A.B. asks: 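This is the structure I want to talk about, given as structure tokens.
In what follows, every chain begins at residue 1, and chains take the letters A, B, ... in the order their sequences are listed. Since we're looking at a predicted model, the values are computed, not measured.
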Amino acid sequence: MNYWLIKSEPLAFSIDDLNHQPKKTTYWDGVRNYQARNTLRDEMKKGDLVFFYHSNCTPPGIVGIVEVVKEGYPDYTAQDPNSDHYDPTATSDNPRWYMVDVQLKQRFSQMISLDELKQIPGLESMKILQRGNRLSVTPVTAAEWKIISAMA
DNA sequence: GCCAACGTTGGC
DNA sequence: GCCAACGTTGGC
């Protein structure tokens, strides 16, 4: 079992949006970065738990927990000219981009803000706290998971 | 809105 | 294959 953190801009797709999806489940489309793509395609496994992070908002922070319910498969929105995430180089033979499905497990009653995360001993090496980190999918260690989930 | 970080593109 | 230009991310 592995742990992860995914970012979303709440104006684009928030944890409340996820809460209102059928079965509280969505496909996690639109990742257009190779490193994150590889994580989605190769590493995220069914049953893995994932922190849901709101980025580019005030304040940013972790707002809940989701679970991987479907492992990596082609992100077909890349082949849809009407999609915001359209990529003309993606084809059914070579889909280029991948996604997983996630289901909401827990919506924190209170966000754990980035400010708070920065102050907690043991989280210093979290990817999300590194300056300039822009990856939308990052690994979380078991120790980090334990600390953060105990705060919720 | 600013700007640092950093991934991607494309000319050479 | 180098690297400058450019675009995007995301905290502040």
A.B. asks: Using the ring pair (Phe, Tyr, Trp, His ring centres under 6.0 Å) definition, which of the options Y76(A), F13(A), Y73(A) pairs with Y27(A)?
C.D. replies: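 Per the ring pair (Phe, Tyr, Trp, His ring centres under 6.0 Å) rule, the option paired with Y27(A) is Y76(A), out of Y76(A), F13(A), Y73(A).
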A.B. asks: Return whichever of N56(A) or Q35(A) has its heavy-atom-nearest nucleotide of DNA chain B closer to the 5' end.
C.D. replies: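 Of the two residues, N56(A) wins.
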A.B. asks: Under 4.0 Å from a heavy atom of chain A: give me the 5'-most and 3'-most nucleotides of DNA chain C that qualify.
C.D. replies: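 Range of nucleotides within reach of chain A: dG7(C) to dC12(C).
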A.B. asks: Would you say the side chain of Y3(A) lies within less than 4.5 Å of the side chain of E144(A), judging by non-hydrogen atoms?
C.D. replies: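 The answer is no, as the side chains (C-beta and beyond) never meet within the 4.5 Å cut-off.
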A.B. asks: Closer to the 5' end of DNA chain B via nearest nucleotide, is it R131(A) or Y34(A)?
C.D. replies: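 With R131(A) and Y34(A) compared, the 5'-side residue is R131(A).
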A.B. asks: Taking all heavy atoms of A36(A) and all of S136(A), pick out the closest pair and write down the distance.
C.D. replies: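 Residues A36(A) and S136(A), closest heavy atoms: CB-OG, 4.1 Å.
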A.B. asks: Could you walk me through whether D87(A) and R96(A) pass side chain to side chain contact (heavy atoms under 4.5 Å, CB included), step by step?
C.D. replies: CA-CA 9 Å; D87(A) 179 351; R96(A) 193 172 189 186; 3.1 Å; yes
A.B. asks: Specify the closest pair of heavy atoms between E43(A) and N2(A), including all atoms of both residues, with the distance to one decimal.
C.D. replies: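 Shortest heavy-atom contact: O-ND2, 4.4 Å.
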